[in-house]
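Keep in mind that this is a model prediction, so the values were computed, not measured.
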Amino acid sequence: MRTQHGLTVSLFVAAIAAFAQGNVPSGQAIAEVASGKRATANAAWWGFSKTDSTAALQAAIDSGAKTVLVPFMGDAWIVRPIKLRGNLELVFEPGVLVLAKRGEFQGGGDSLFTAVDVENLTIRGYGATLRMWKSDYQKPPYKKAEWRMGIAIRGCRNVLIEGVRVESSGGDGFYVDGGGTRKYSENVTIRNAVAHDNHRQGISVISAQNLLVENCTFSGTDGTPPEAGIDLEVDTPDQRFVNCVIRNCVFENNSGHAMLIYLKPLDHTSAPVSIRFENCHARMGTAGMKPEDFKDITQRGWAGMAVGTAKDDGPQGLIEFINCTSENTGKEGVRIFDKSSTGVKVRFVDCSWSNPWVSAHRNATEPRVPILIQQRRREVTARPGGIEFVNCYVYDDVPRAAVFYDDDSGALPLSEIHGTITVRNPRGTRARLGPQTTNVDLKLVEAPK
């Protein structure tokens with residue numbers, strides 16, 4: 001039997017048992033945890049403090065209890081960096097605020113919660129918030145850095161994070177990467193979560209296998225590039241994106257791309273890429289706004305969906321966007337840049353893009369179009385292309401091409417572009433794919449008036 005949020009009845013029974021001791025220090029309860037008589041511990045037993053509860057929370061986590069409950073105390077749990085262990089279920093009660101201690105986190109990589117090379121970790125926090133002090137970290141005496149994460153998962157297996165809100169970190173709200181012994185994290189699920197107002201990304205995925213991100217919101221990223229809602233970006237060729245699924249997520253008001261995949265470090269020796277976005281939505285502003293509603297000349301935001309730098313010597317595989325949409329994006333609805341036609345394929349199925357380029361971007365030199373295919377660096381690829389559009393739509397009312405190929409070299413023909421895009425634009429339906437193409441059969445269909 002499960003509750004609305006997937007918590008088992010047994011967990012509630014454990015919670016009642018833990019809280020029966022009260023949210024007060026208890027040497028007896030701590031001893032029973034240490035002896036194995038109790039599998040569930042209340043972090044307040046180790047002593048809650050309004051000024052610094054690091055020692056209490058860390059001791060509860062290190063106690064060996066299968067489940068550690070962090071109770072609502074009427075005040076924030078103020079902490080310095082916390083290290084997580086494996087075989088742990090960490091549950092934050094609704095209303096709990098875990099707050100980074102002000103003046104701490106001086107190290108560039110000091111994160112609120114970090115797990116390295118652990119297995120079987122669950123973090124639940126429906127109604128709970130993990131908050132840092134982004135604006136503090138962006139100025140002296142803090143040294144410039146972008147790695148003060150909310151929750152950092154490094155080289156871990158079997159991880160579930162659900163229900164928690166992470167905000168105002170000095171790096172990413174969530175971070176998933178390899179660790180000391182594993183080159184990638186495996187079997188990681190992040191669901192029903194929110195990442196808001198983070199410095200670098202809402203979530204960064206550096207290396208993962210069997211990753212599921214679902215029913216999440218990534219919003220308000222602003223601080224240092226890429227400033228994406230989600231960024232899947234490896235550092236080395238031996239890292240990977242295998243069976244990574246992002247489903248039913250909203251990407252809103254991020255200063256960079258909403259959804260970004262960047263593959264440059266991968267080569268032909270890398271594991272084939274398999275990334276799938278399903279039922280995701282990107283936007284600036286709020287739902288239903290029109291381009292004329294955007295009055296702020298400092299409005300930012302880049303593409304709704306971006307895939308970049310998959311080189312000629314890059315990996316094989318498939319990147320899919322299925323039933324994904326964007327509206328009122330700062331720049332394009334879609335940007336594909338420096339992507340080879342010989343490697344990983346990109347496919348859009350039942351996707352729609354509406355009202356691109358609502359931001360000022362006064363210094364932007366690229367074409368202001370809904371779908372941009374961009375060739376910037378010949379050393380990355382001499383054979384750009386490898387994109388398919390299946391039953392896709394563009395909604396626009398500006399006289400411009402729906403799809404535009406921008407080639408800085410002026411000498412590289414676009415190849416392997418297929419599919420059908422229906423365009424609703426009273427000012428015309430057209431594509432500009434360059435004077436030469438190879439095996440290109442993209443069809444633009446005018447929508448019925």
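Summarising the geometry, atom CD1 belonging to I161 is positioned 12.0 Å from atom CZ belonging to R124; distances are rounded to the nearest 0.5 Å. Expressed to the nearest 0.5 Å, how far CD1 of I153 lies from OG1 of T114 amounts to 8.5 Å. Once rounded to the nearest 0.5 Å, the distance linking CG of L372 with CH2 of W357 reads 8.5 Å. In this structure, S255 OG and M284 CE are separated by 6.0 Å, a value rounded to the nearest 0.5 Å. Going from atom CG of L232 over to atom CG of L263 covers 8.5 Å, rounded to the nearest 0.5 Å. Note that CD of E214 and CD1 of I190 are 11.0 Å apart. Values are rounded to the nearest 0.5 Å.
Between the side chain of K339 and the backbone N or O of V344 there is at least one donor-acceptor pair closer than 3.5 Å. Here the side chain of D407 pairs a donor or acceptor atom with the backbone of L412 at under 3.5 angstrom. The closest donor-acceptor contact from the side chain of W77 to the backbone of P71 lies under 3.5 Å. A donor-acceptor contact shorter than 3.5 Å links the side chain of S49 to the backbone of T51. N254 places a side-chain N or O within donor-acceptor distance of the main-chain N or O of F218, the cut-off being under 3.5 Å.
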Next item on the list: Evaluate the side-chain contact (heavy atoms from CB on, under 4.5 Å) criterion for residues R148 and L112: first the C-alpha distance (whole Å), next the side-chain angles of each, then the deciding distance (0.1 Å), finally the verdict.
Entry: CA-CA 7 Å; R148 297 180 177 98; L112 196 58; over 6 Å; no
Item checked: Stepwise side-chain contact (heavy atoms from CB on, under 4.5 Å) test for W45 and R38 -> CA-CA 13 Å; W45 294 342; R38 287 180 180 266; 3.6 Å; yes
Margin query: Is there a salt bridge (Lys or Arg N to Asp or Glu O under 4.0 Å) between R376 and D338? Walk through the geometry before answering.
Written below: CA-CA 6 Å; R376 303 184 304 187; D338 292 337; 3.5 Å; yes
Item checked: side-chain contact (heavy atoms from CB on, under 4.5 Å) between E278 and C324, worked out -> CA-CA 6 Å; E278 300 175 359; C324 293; 5.7 Å; no
Margin query: Please determine whether side-chain contact (heavy atoms from CB on, under 4.5 Å) holds for the pair I261 and M259, giving the CA-CA distance in whole Å, both sets of side-chain angles, and the decisive distance to 0.1 Å.
Written below: CA-CA 7 Å; I261 302 168; M259 299 167 247; over 6 Å; no
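Annotation: W353 is not in aromatic contact with Y393 [ring centroid separation under 6.0 Å not met].
Side chains of S341 and S415: a donor on one and an acceptor on the other come within 3.5 Å. No donor-acceptor contact under 3.5 angstrom links the side chains of N355 and Y395, judged on distance only. Defined by atom type and a distance below 3.5 Å, a donor-acceptor pair is missing between the side-chain atoms of S207 and Q239. For the residue pair S274 / N243, no side-chain donor-acceptor distance below 3.5 Å is found, with atom types taken as modelled. In this model, a donor atom of one side chain and an acceptor atom of the other lie less than 3.5 Å apart for Q138 and H199. Judged purely by distance below 3.5 Å, without hydrogens or angles, the side chains of H281 and E252 never pair a donor atom with an acceptor atom. Neither side chain, T325 nor R283, offers a donor N or O lying under 3.5 Å from an acceptor on the other.
Exactly one of I336, D406, T381 qualifies for a side-chain contact (heavy atoms from CB on, under 4.5 Å) with Q375. That residue is T381.
A salt bridge is defined here as a Lys NZ or Arg NE, NH1 or NH2 lying under 4.0 Å from an Asp or Glu carboxylate O, and R200 with D172 meets this definition. Taking a cutoff of 4.0 Å between a charged side-chain nitrogen and a carboxylate oxygen, R165 and E167 qualify as a salt bridge. A salt bridge links R182 with E119: the distance from a Lys NZ or Arg NE/NH1/NH2 to an Asp or Glu carboxylate oxygen falls below 4.0 Å. Under the 4.0 Å criterion applied to side-chain N and carboxylate O atoms, D52 and K101 are assigned as salt-bridge partners. With salt bridges taken as basic N to acidic carboxylate O contacts below 4.0 Å, one links E366 and K331. Taking a cutoff of 4.0 Å between a charged side-chain nitrogen and a carboxylate oxygen, R102 and E104 do not qualify as a salt bridge. Under 4.0 Å is where a charged nitrogen must lie from a carboxylate oxygen, and between R368 and E332 no such pair does.
Counting heavy atoms from C-beta on, the side chains of R247 and C280 never come closer than 4.5 Å. Inter-residue side-chain proximity for F92 and V98 is flagged as met; some heavy-atom pair is nearer than 4.5 Å. Taking the side chain as every heavy atom from C-beta outward, L84 and I123 approach each other to under 4.5 Å. Using a 4.5 Å heavy-atom threshold, the side chains of F251 and S219 count as separate. A heavy-atom distance below 4.5 Å is not found between the side chains of D110 and M149. Inter-residue side-chain proximity for F348 and I387 is flagged as met; some heavy-atom pair is nearer than 4.5 Å. Using a 4.5 Å cut-off on side-chain heavy atoms (C-beta onward), Q58 and K83 make contact. Annotation: side chain of L88 is not in contact with side chain of T122 (no heavy-atom distance under 4.5 Å).
Scanning all heavy atoms of the two residues, the minimum distance from S359 to G330 falls at OG-CA, 3.2 Å. Y405 and P384 make their closest contact through OH-CG, 3.3 Å (heavy atoms, listed as atom of the first residue, atom of the second, distance). Of all the heavy atoms in G304 and S326, the pair that sits closest is CA-CB, 4.4 Å. D117 and G180 make their closest contact through OD2-N, 3.1 Å (heavy atoms, listed as atom of the first residue, atom of the second, distance). Residues E233 and F241 approach most closely at N-CZ, 3.2 Å, considering heavy atoms.
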Report all side-chain donor-acceptor pairs from residues 313-323 shorter than 3.5 Å, counting only partners two or more places apart or in another chain.
residue, atom, partner, partner atom, Å
D313, OD1, H268, ND1, 2.8
D313, OD2, H268, ND1, 3.4
Q316, NE2, T342, O, 3.1
E320, OE2, R347, NH1, 3.2
N323, ND2, N279, OD1, 2.8

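Partners of A208 under the side-chain contact (heavy atoms from CB on, under 4.5 Å) rule, at least two apart in sequence or in another chain, are V176, V205, L211, C244. Annotation: side-chain contact (heavy atoms from CB on, under 4.5 Å) contacts of N158 (sequence neighbours excluded): N120, N187.
Each ring pair (Phe, Tyr, Trp, His ring centres under 6.0 Å) pair with one or both residues in residues 324-346, not counting sequence neighbours, would appear here, but there are none. The salt bridge (charged side-chain N to carboxylate O under 4.0 Å, His left out) analysis of residues 57-77, with sequence neighbours excluded, yields the pairs K50-D75. Applying the salt bridge (charged side-chain N to carboxylate O under 4.0 Å, His left out) test to pairs two or more places apart or on separate chains, none has a residue in residues 254-269.
By the neighbour-count criterion of 12 heavy atoms within 6.0 Å, atom NZ of K139 is densely surrounded, having more than that number from other residues, nucleotides or ligands.
By the 30° and 60° cut-offs, the orientation of the rings of H361 relative to W302 is perpendicular.
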